[in-house]
Structures are given as structure tokens and as C-alpha cells.
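Presented below is the structure to which this report refers.
Below, all heavy atoms of this structure are taken into account, side chains as well, without hydrogens, waters or symmetry copies. Proteins come first, then strands; the chains are lettered A, B, ... in the order of their sequence lines, and each starts at number 1. Note that the structure is a prediction, hence the values are computed from the model and not measured.
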Number of protein chains: 2
Amino acid sequence: MTMPRTPQRIALAQALEQTPQFRSAQQLHAHLLQEGHEVSLATVYRHLNALAEAGALETRNLSGGETRYRQCRSSGTHHHLVCRDCGETTDVADTSVEQWVQRVGDRHHFTDIRYALELSGLCAGCQHAPTG
Amino acid sequence: MTMPRTPQRIALAQALEQTPQFRSAQQLHAHLLQEGHEVSLATVYRHLNALAEAGALETRNLSGGETRYRQCRSSGTHHHLVCRDCGETTDVADTSVEQWVQRVGDRHHFTDIRYALELSGLCAGCQHAPTG
DNA sequence: TTGATTGCAAAGTGTTTGCAACTAG
DNA sequence: CTAGTTGCAAACACTTTGCAATCAA
């Protein structure tokens with residue numbers, strides 16, 4: 001159970017700390033290189049998988065086979081509203097969906113319910129801009 | 001806008017008709033071969049993409065880069081409750097989430113809101129079975 | 001006839017892994 | 001010293017695509 005505090009691991013942890021956004025292994029890797037850290041893509045993948053497996057990261061599967069990761073944050077549930085044009089992300093704190101989900105599970109006799117909700121739209125600043 | 005009714009296309013359409021389950025391109029391809037149809041994997045992929053793009057199929061991205069498809073059924077909005085153990089899929093018809101989403105969008109001055117909600121749990125039959 | 005469709009095999013993506021060198025503790 | 005970690009390059013799984021042959025209308 002020893003666990004070396006290698007510079008790579010530390011750098012990745014910091015990168016994950018920085019934003020609440022979901023980012024891909026490749027994005028994170030590029031980010032680390034830009035910051036001057038020496039890490040290989042393989043190492044990034046390895047840590048990401050380990051962290052996700054340990055429950056420290058949330059994951060999201062995109063079309064194209066890409067997986068994005070982000071650190072588990074607030075204990076309270078919240079969702080993200082992402083602007084499809086500029087990418088701006090807003091946290092949405094609200095528990096009504098949570099309650100609804102619980103009810104649905106009960107009604108269908110399902111237990112250990114998990115759910116993922118993704119919201120996207122056009123933010124105030126992007127509503128007149130053409131999407132392309 | 002001609003559109004040949006090829007045996008491959010017909011067979012695939014029938015296969016999609018058969019179950020409400022999400023299935024991968026490879027699963028569908030294997031299924032078709034078993035039924036005695038001659039189709040290439042490439043063709044299955046091509047049709048699946050076309051149908052999904054046209055809005056005739058719903059898709060789901062799994063970890064591992066796999067995409068699963070199934071035919072769109074009810075016109076009204078609904079969600080899916082999937083059993084993590086046996087894969088059984090239940091449709092959940094309910095509009096309260098829809099309304100909530102709309103409210104959230106308004107509150108943040110976002111327009112053209114889209115959302116995706118995925119629900120998973122353990123169905124009644126799988127609640128005592130070990131997950132492995 | 002003619003444009004859409006098909007199959008094949010090659011190419012492409014994102015991710016994983018074997019292995020030898022390396023390093024934190 | 002030694003188990004865990006790293007980088008590289010090869011391997012993987014799923015999907016996409018170029019192209020020539022084929023087929024439906």
C-alpha cells in the first residue's frame with residue numbers, strides 16, 4: 001500500500017483540482033505539458049483509470065469513444081449547464097431531480113439508483129451568434 | 001432522394017424493430033448473420049449512423065468506446081432506467097424533469113436547452129445477485 | 001442507365017499494455 | 001534495497017472510409 005508521491009501524480013491531481021469541467025485524458029495531458037510538466041499520455045491514462053475506479057473521479061462517455069473525467073466535488077448533487085457555443089459552464093444546484101429519480105426507482109422496484117443529467121443550451125451572450 | 005430497398009437495409013430495420021433494447025453495431029451485425037442475412041459490418045455501421053443522424057434511432061455511449069442503438073419509440077419524451085446487472089431497460093414517461101429543465105434554462109438566460117438523462121439501478125430480479 | 005449501396009481492407013481514434021529503466025521511501 | 005511508477009512503442013477495440021463492383025429503380 002505504499003504510494004509514491006511522484007511529480008506526475010501530483011501534477012495531475014493539481015490539474016484536476018483546477019476546474020470543475022470534464023476533461024479528456026488527452027486534454028489533461030496537453031495541459032500538463034503546457035504547464036511544463038513531463039508526463040506521458042500512458043501515465044495520465046493509468047492514473048485517471050485508477051482514480052475513477054477508486055471513486056475519486058466522475059466519468060462521462062462521449063460519442064467517438066472519448067472519456068472525460070473530473071474530480072468529485074461537493075457532496076451535494078448539482079448539474080452543469082453548458083453553452084454549446086462558448087463552452088461556459090454553470091453549476092446548477094437543485095435537488096428536485098434527485099427526488100424525482102428516487103421516486104422513479106421506487107415505482108419500478110429498482111434499487112441503488114444512479115443517474116447522470118446533462119444540460120446544454122445557448123448562453124445569453126451566444127444567442128445571436130451562428131452556431132459554427 | 002431515391003432510396004433503394006436493399007435486403008441489408010430491410011434486415012437491419014427488422015432487427016431494430018425486434019427489441020427495445022440498446023444494441024451495438026457489432027451485436028446487430030452478429031444477429032443478422034445468425035439469421036442468415038449477408039451484411040458487412042461496414043454497412044451496419046453506415047446505416048446505423050444514417051438512422052441516428054436522421055433521428056430515427058437513439059444512441060448511448062458506453063465506456064470502451066462502444067455505441068449502442070435502438071429504435072425511437074414513443075414520440076413523447078421519456079427516459080430509460082437500465083439495470084446494471086441484466087441490462088433490462090424500462091421506459092420512464094414523465095415530464096416533470098422536462099419542466100424543471102426549462103425553468104433552469106430560463107433562470108440562467110439560456111435558450112435552446114437540450115438535455116440527456118440516464119438512469120441506472122438494480123432491477124427487482126437482480127437485487128440479491130452479486131455484481132460479478 | 002445511373003446514382004445509391006455494398007464489401008473489403010486499410011486507416012483512424014481513443015485507450016490499454018508489456019517491458020525495461022527508474023525512483024520514492 | 002524494492003515495490004510501485006514511468007515512458008515508449010506495440011497492441012487493442014470500435015468505428016470510419018476509399019474504392020471498385022454491384023444493385024435497385
Side-chain angles (χ1 to χ4, degrees), chain A residues 1-16 21-71 87 116 118, chain B residues 1-16 21-71 82 87 118:
Chain A
M1 277 287 145
T2 39
M3 193 175 186
R5 241 55 51 68
T6 68
Q8 291 87 340
R9 182 193 292 277
I10 294 169
L12 179 58
Q14 287 180 345
L16 286 166
Q21 310 272 33
F22 278 90
R23 280 172 300 170
S24 70
Q26 317 229 16
Q27 287 177 326
L28 285 161
H29 178 237
H31 175 75
L32 290 174
L33 293 189
Q34 264 189 334
E35 299 242 308
H37 299 288
E38 308 222 330
V39 203
S40 74
L41 192 49
T43 294
V44 172
Y45 274 114
R46 276 193 274 241
H47 282 310
L48 250 21
N49 279 340
L51 290 168
E53 192 126 335
L57 297 181
E58 297 172 83
T59 67
R60 233 173 92 181
N61 301 314
L62 283 71
S63 67
E66 197 183 74
T67 304
R68 300 213 176 177
Y69 307 80
R70 71 155 196 190
Q71 197 159 82
E118 283 170 35
Chain B
M1 276 291 144
T2 41
M3 193 178 189
R5 239 57 49 69
T6 67
Q8 291 87 341
R9 183 194 292 279
I10 294 170
L12 179 57
Q14 287 180 347
L16 286 165
Q21 307 275 29
F22 279 90
R23 281 172 298 171
S24 70
Q26 317 230 13
Q27 287 177 326
L28 284 161
H29 179 238
H31 175 75
L32 291 174
L33 293 189
Q34 263 189 333
E35 299 243 307
H37 300 287
E38 308 220 331
V39 203
S40 74
L41 191 50
T43 293
V44 172
Y45 274 114
R46 277 193 273 240
H47 282 312
L48 250 22
N49 278 340
L51 290 168
E53 190 126 336
L57 297 181
E58 298 171 82
T59 67
R60 237 174 87 183
N61 302 314
L62 283 73
S63 66
E66 197 183 72
T67 304
R68 300 214 177 177
Y69 307 80
R70 76 157 196 180
Q71 198 158 81
V82 185
E118 277 177 36

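- Taking side-chain N and O atoms only, Gln8(A) has no distance below 4.0 Å to OP1 or OP2 of dT23(C).
- Rounding to whole angstrom units, CD of residue Glu66(A) and P of dC14(D) are separated by 18 Å.
- Rounded to whole Å, atom P of dT6(D) lies 6 Å from atom CZ of Arg9(A).
- Arg68(A) places a side-chain heavy atom less than 4.5 Å from the side chain of Gln27(A).
- For Ser40(A) and dC8(D), the shortest distance from a side-chain N or O to OP1 or OP2 is not below 4.0 Å.
- Between Tyr69(B) and Pro7(B), the residue anchored closer to the 5' end of DNA chain D is Tyr69(B), taking for each the nucleotide with the nearest heavy atom.
- A straight line from CG of Leu41(A) to C1' of dT16(C) spans 11 Å, rounded to a whole angstrom.
- Atom CG of Leu48(B) and atom C1' of dC14(D) are 13 Å apart (whole Å).
- Taking only side-chain nitrogens and oxygens, Asn49(B) comes nearer than 4.0 Å to OP1 or OP2 of dT16(D).
- Note: NE2 (His37(A)) to P (dG7(D)) measures 13 Å, nearest angstrom.
- Between Arg46(B) and dT6(C) there is no side-chain N or O to OP1 or OP2 distance below 4.0 Å.
- Using a 4.0 Å cut-off, no side-chain N or O of Thr6(A) falls inside it from OP1 or OP2 of dG4(D).
- Not one side-chain nitrogen or oxygen of Tyr45(B) sits closer than 4.0 Å to the OP1 or OP2 atom of dT16(D).
- Side-chain contact between Leu57(A) and Phe22(A): absent, with no pair of heavy atoms (C-beta onward) separated by less than 4.5 Å.
- In this structure, the CG atom of Leu12(A) is 16 Å from the C1' atom of dG7(D), given to the nearest Å.
- Side-chain atoms of Arg23(B) come within 3.5 Å of backbone N or O of Ala15(B) as a donor-acceptor pair.
- Between the side chain of His29(A) and the backbone N or O of Val39(A) there is at least one donor-acceptor pair closer than 3.5 Å.
- Among the protein residues, His47(B) comes within range of the sugar-phosphate backbone only, with heavy atoms under 4.0 Å from sugar or phosphate atoms but none that close to a base.
- Remark: C1' of dG14(C) and CG of Leu62(B) are 15 Å apart, rounded to the nearest angstrom.
- Straight-line distance from the CD atom of Gln27(B) to the P atom of dT15(D): 10 Å, rounded to whole Å.
- Between Thr67(B) and dT15(D), a side-chain N or O to OP1/OP2 separation shorter than 4.0 Å is present.
- The distance from the CZ atom of Arg70(B) to the CZ atom of Arg60(B) is 9.0 Å, given to the nearest 0.5 Å.
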